[in-house]
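For reference, the structure is listed below as structure tokens.
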Protein chains: 2
Amino acid sequence: MGEQPERSFIEKARRAQIVDAAVETIAARGFAKASLAQIAERAGISKGVISYHFAGKDELIELVVEQVYERIGAFVGPRMEEQKEREGGGGWLRVYIQSVAEYMAGHRVQLTALGEIFGNFRKGDGAPRYDVVTSESLYVALEEGFREGQERGDFRPFDVRTMAVSLQSGIDAMFAYWSAYPEHDLAAHARELADLFEHATRAEGRPAEARPTADHRPREH
Amino acid sequence: MGEQPERSFIEKARRAQIVDAAVETIAARGFAKASLAQIAERAGISKGVISYHFAGKDELIELVVEQVYERIGAFVGPRMEEQKEREGGGGWLRVYIQSVAEYMAGHRVQLTALGEIFGNFRKGDGAPRYDVVTSESLYVALEEGFREGQERGDFRPFDVRTMAVSLQSGIDAMFAYWSAYPEHDLAAHARELADLFEHATRAEGRPAEARPTADHRPREH
DNA sequence: CCATTTTCTGACCGGTCGGCCAAAATTTAA
DNA sequence: TTAAATTTTGGCCGACCGGTCAGAAAATGG
């Protein structure tokens, strides 16, 4: 239980520095080319330092994932809480989508690295280290929200797992698209995505409250 | 212009054999571990044969992608054509989703390999070989369908690019989820996804034609 | 100041990669 | 049958990988 890592000042600083360098390197060069040598070079240290402070590359990568997860959760979580207290309906869906989009906009490199890791990091046996199974807790949380909305009558009947998986995929795709087209209007995409899932989920004959009509002109890329 | 590859019988057979072995190896071991040595072993030939028949690994991988794309297009395309002739409304959306799902069900290995390649294959400079930009022509085709539906009044106004990107991401996620949970009911997921996008796209006050109510009980994994 | 511990360096290890090639095997054609 | 062309083999190359290690350097503390 209560292990005490007993990290020295230097230890903590180095670990943070190396994690940051790993994020930057993975985002910039891709997971496959983010070798310990590359990460060390970006951090301005010798390769052996990484081995000295981390048990191995896997521990380093998993720390990166944990860090990004924590930070995005710390951003989105409170906004969801506040929304649920303010208005109990299905509005949390829009808040969720737009909060994530807002975080993306300000932390592009972090999210890029996370995507690289999710797509490419594998265990020794070749199986993906992170896959849809990893997202189970996220799916469960979304399902809970959907089920509440259905019981309240805000949402139509639908399979909550399919809806959760599709929603998360739409958010991931929003990031991937913005990543490929940096001039893409992320906020507008988030609004459209919220509209999409509002229409997809809401009960029949129960129109969403009026919203200013969006501008649907095509964009150039 | 008009190059004549002038492939001998052996040449064509070997190339096909090697492409097949590549598909199987990539699907089974992941892109990163699908080395030329592994592919050659699965094909029962020497490693050098691949180098002899292909300019390099890149050419081989790109051939795999082309082959899978052609085959899925040959499966889905005619079904879309037939649907559009039979009934001009927004029903193509459901046909598209379910056709792709049906193809997935019968060609799991192919699609798994394609996913691996899309996620991991990179150019010399480290940039992804295939990204959302690659899907541009697919997006354009979907947008065309959405725009027609909007003009006809079947669909509500929405940004067609966001809808196309989200739809395709939902289909990709459906495959990924089924891939992680093989006992997952792919056909049911496809039906739910079609419902989702039918609700998301259809014009206000224009309910979809009656459908037998689906069974929305949760599934176990 | 010096002894001890912590931290860092750069060379090195075994392993895998894609690609190359001389020589052997096989097929084709005269 | 035999000479030429095609195909295949299996070993080899240089490059890079993650990880290790002895010893140098730096920090710590009595």
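Numbered from 1 within each chain, the chains take letters A, B, ... in sequence-line order. Because the structure is a prediction, the values reported are computed rather than measured.
- Between C:dG19, D:dC17, C:dT7, one nucleotide has an atom nearer to the side chain of A:Ala37 than all others, and that is D:dC17.
- Here D:dT9 is the nucleotide among C:dC8, D:dG18, D:dT9 with the atom lying nearest to any side-chain atom of B:Val49.
- Under a cutoff of 6.0 Å and an axis angle of 45°, B:Lys84 and B:Tyr96 do not form a cation-pi pair.
- Annotation: side chain of B:Phe118 is not in contact with side chain of B:Phe121 (no heavy-atom distance under 4.5 Å).
- Note: CD (A:Glu41) to C1' (D:dC16) measures 14 Å, nearest angstrom.
- For B:Thr25, the side-chain hydrogen bond (donor to acceptor under 3.5 Å, both in side chains) criterion is met by B:Arg42, not counting sequence neighbours.
- B:Lys57 places its NZ atom 15 Å from the P atom of C:dC20, with the value rounded to the nearest Å.
- Atom NZ in B:Lys33 sits roughly 15 Å away from atom P in C:dG15 (whole-Å rounding).
- When heavy atoms are screened at a 4.0 angstrom cut-off, A:Ser51 is found touching base atoms of the nucleic acid.
- Taking the six-membered ring where the residue is Trp, B:Tyr177 and B:Tyr181 present tilted rings, their angle falling between 30° and 60°.
- Taking the side chain of A:His53 as heavy atoms from C-beta on, and the options C:dT7, C:dG19, D:dT8, the nearest nucleotide is C:dT7.
- Note on A:Tyr52: a side-chain N or O is less than 4.0 Å away from OP1 or OP2 of C:dT7.
- Nearest-nucleotide positions on DNA chain D for A:Lys47 and B:Gly44 put B:Gly44 closer to the 5' end.
- Atom pair B:Phe31:CZ and C:dC17:P shows a separation of 12 Å (rounding to whole Å applied).
- If you take CD1 of B:Ile18 and P of C:dG19, they are 13 Å apart, rounded to a whole angstrom.
- Comparing D:dT9, C:dT9, C:dG18 against the side chain of B:Ile45 picks out D:dT9 as the nearest.
- When the side-chain nitrogen and oxygen atoms of A:Arg14 are compared with OP1 and OP2 of C:dT6, none of them lie within a distance under 4.0 Å.
- Within the structure, a side-chain polar atom (N or O) of A:Ser35 is placed less than 4.0 Å from OP1 or OP2 of D:dC17.
- Side-chain atoms of B:Gln150 and B:Arg147 form no donor-acceptor pair, as typed in the model, at a separation below 3.5 Å.
- Distance CG (B:Leu36) to P (D:dG11): 17 Å, rounded to an integer number of Å.
- The distance from atom CD of A:Gln17 to atom P of C:dT7 is 14 Å, rounded to the nearest whole Å.
- Note: CZ (B:Phe54) to P (D:dT7) measures 13 Å, nearest angstrom.
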